[in-house]
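Before any comments, here is the structure.
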Amino acid sequence: MQASRARLFKEYKEVQREKVADPDIQLVCDDSNIFKWTALIKGPSETPFEGGVFQLAFAVPEQYPLQPPQVRFLTKIFHPNVHFKTGEICLDILKNAWSPAWTLQSVCRAIIALMAHPEPDSPLNCDSGNLLRSGDARGYQSMARMYTRLAAMPKKG
């Protein structure tokens with residue numbers, strides 16, 4: 001557990017330094033628990049998620065970095081690789097392709113890349129996956145844009 005704590009402190013320091021360098025990701029460590037983090041990520045440009053800000057929750061295991069963190073969307077998102085109700089993310093690096101070389105920041109980068117390049121053949125959201133697999137990219141983008149507007153964009157007063 002000491003090794004994971006030391007690694008997370010190191011990542012925390014890097015995040016503080018990189019705040020300006022990476023405006024698309026805002027990683028925040030829980031004040032009372034270094035194993036709990038949240039992130040705000042910006043939807044990638046030229047996708048239905050553009051303009052949205054999505055919140056992620058990280059639960060980091062004590063075996064980190066030998067085991068991956070559990071990451072889920074707290075913000076509702078219409079995406080084939082994200083479970084609509086739980087926010088669970090289907091991403092190989094969070095499962096069997098994990099490497100200790102990954103950091104929480106690079107996991108956020110990978111999630112942003114997944115948002116831009118969905119994998120409809122391994123869907124957690126079947127409705128979304130079926131739209132893409134049947135060739136209805138327009139229908140998928142319309143639904144994804146609608147949920148981005150509803151859940152991930154600031155309300156105009």
(request) Say whether, by atom type as modelled, one donor and one acceptor occur between the side chain of Thr148 and the main chain of Ala144 under 3.5 angstrom. (result) yes
(message) Can you confirm whether Lys85 is buried at NZ, in the sense that more than 12 heavy atoms of other residues, nucleotides or ligands lie under 6.0 Å from that atom?
(response) no
(request) Specify the closest pair of heavy atoms between Ser32 and Asp30, including all atoms of both residues, with the distance to one decimal. (result) N-OD1, 2.7 Å
(request) Taking all heavy atoms of Ile93 and all of Pro68, pick out the closest pair and write down the distance. (result) O-CB, 4.1 Å
(message) If hydrophobic clusters are built from ILVMFWY residues whose side chains come within less than 4.5 Å, do Val53 and Phe78 share one?
(response) no
(message) Going by the rule side chain to side chain donor-acceptor pair (under 3.5 Å), which residues pair with Ser45 if we only count those two or more places apart in sequence or in a different chain?
(response) none
(message) Using the rule that Ile, Leu, Val, Met, Phe, Trp and Tyr join whenever any side-chain heavy atoms are under 4.5 Å apart, tell me whether Leu150 and Ile77 fall into a single cluster.
(response) yes
(request) Return the set of residues passing side chain to side chain donor-acceptor pair (under 3.5 Å) with Glu88 (not counting sequence neighbours), or none when no residue passes. (result) none
(request) Could you please spell out the steps behind the side-chain contact (heavy atoms from CB on, under 4.5 Å) verdict for Ile25 and Ile112? (result) CA-CA 9 Å; Ile25 300 169; Ile112 291 170; 3.8 Å; yes
(message) Is the terminal nitrogen or CZ of Lys42 (NZ for Lys, CZ for Arg) located under 6.0 angstrom from the six-membered ring centre of Phe54 and within 45° of that ring's axis?
(response) no
(request) Would you kindly say whether Ser134 and Asp136 are connected by a side-chain donor-acceptor distance under 3.5 Å? (result) no
(message) If we ignore hydrogens and angles and just use 3.5 Å, is the side chain of Asn81 paired with the main-chain N or O of Ser122 as donor and acceptor?
(response) yes
(request) Taking the side chain as every heavy atom from C-beta outward, state whether Trp98 and Tyr64 have any pair of such atoms under 4.5 Å apart. (result) yes
(message) Hydrophobic clusters here meaning ILVMFWY residues chained together by side-chain heavy-atom distances under 4.5 Å, can you tell me if Met146 and Leu132 are in one?
(response) yes
(message) For Gln55 versus Leu40, what's the shortest heavy-atom pair and its separation?
(response) CB-CD2, 3.8 Å
(request) For residues Cys29 and Ile34, report the shortest heavy-atom separation together with the two atoms involved. (result) SG-CA, 3.7 Å
(request) Determine whether Val60 and Phe9 fall in the same hydrophobic cluster, where Ile, Leu, Val, Met, Phe, Trp and Tyr are linked whenever their side-chain heavy atoms lie under 4.5 Å apart. (result) yes
(message) Working to the nearest 0.5 angstrom, can you tell me the gap between Glu119 CD and Cys90 SG?
(response) 9.0 Å
(message) I'd like to know if the side chain of Ser4 and the backbone of Glu62 have a donor-acceptor N/O pair within less than 3.5 Å.
(response) yes
(message) Nearest 0.5 Å, please: how far is CG in Asp22 from CD in Glu14?
(response) 12.5 Å
(message) Test your reading of the model: is there a side-chain donor-acceptor pair from Glu50 to the backbone of Glu46, 3.5 Å cut-off?
(response) yes
(message) Could you go through Asn125 and His83, starting from their C-alpha distance and side-chain angles, then the distance that decides it, and tell me whether this counts as side-chain contact (heavy atoms from CB on, under 4.5 Å)?
(response) CA-CA 5 Å; Asn125 179 331; His83 191 285; over 6 Å; no
(request) Determine the minimum heavy-atom distance between Thr75 and Ala151, stating which atoms define it. (result) CG2-O, 3.5 Å
(message) Has Arg133 got a side-chain atom pairing as donor or acceptor with Pro120's backbone, closer than 3.5 angstrom?
(response) yes
(request) Look only at the side chain of Gln141 and the backbone of Thr47, and say whether a donor-acceptor pair between them is shorter than 3.5 Å. (result) no
(message) Keeping Arg7 on the side-chain end and Pro100 on the backbone end, is there a donor-acceptor pair under 3.5 Å?
(response) yes
(request) Look only at the side chain of Trp37 and the backbone of Leu56, and say whether a donor-acceptor pair between them is shorter than 3.5 Å. (result) no
(message) Before we go on, tell me: are the rings of Phe35 and Phe58 under 6.0 Å apart, centre to centre?
(response) no
(message) Angle between ring planes, Tyr140 versus His79, binned at 30° and 60°: parallel, tilted or perpendicular?
(response) perpendicular
(request) State plainly whether one hydrophobic cluster holds both Leu124 and Val107, where clusters connect Ile, Leu, Val, Met, Phe, Trp and Tyr through side-chain heavy atoms under 4.5 angstrom apart. (result) no
(message) Around atom CG of Asn33, are there more than 12 heavy atoms from other residues, nucleotides or ligands closer than 6.0 Å?
(response) yes
(message) Distance check, rounded to the nearest 0.5 Å: Ile41 atom CD1 versus Arg109 atom CZ?
(response) 9.0 Å
(request) Identify the two heavy atoms, one from Ile89 and one from Arg72, that lie closest to each other, and give their separation to 0.1 Å. (result) CD1-CA, 4.1 Å
(message) Counting only heavy atoms not in Lys76 (residues, nucleotides, ligands), do more than 12 fall under 6.0 Å from its NZ?
(response) yes
(request) Kindly say whether Thr103 contributes a backbone atom to a donor-acceptor pair with the side chain of Ser106 at under 3.5 angstrom? (result) yes
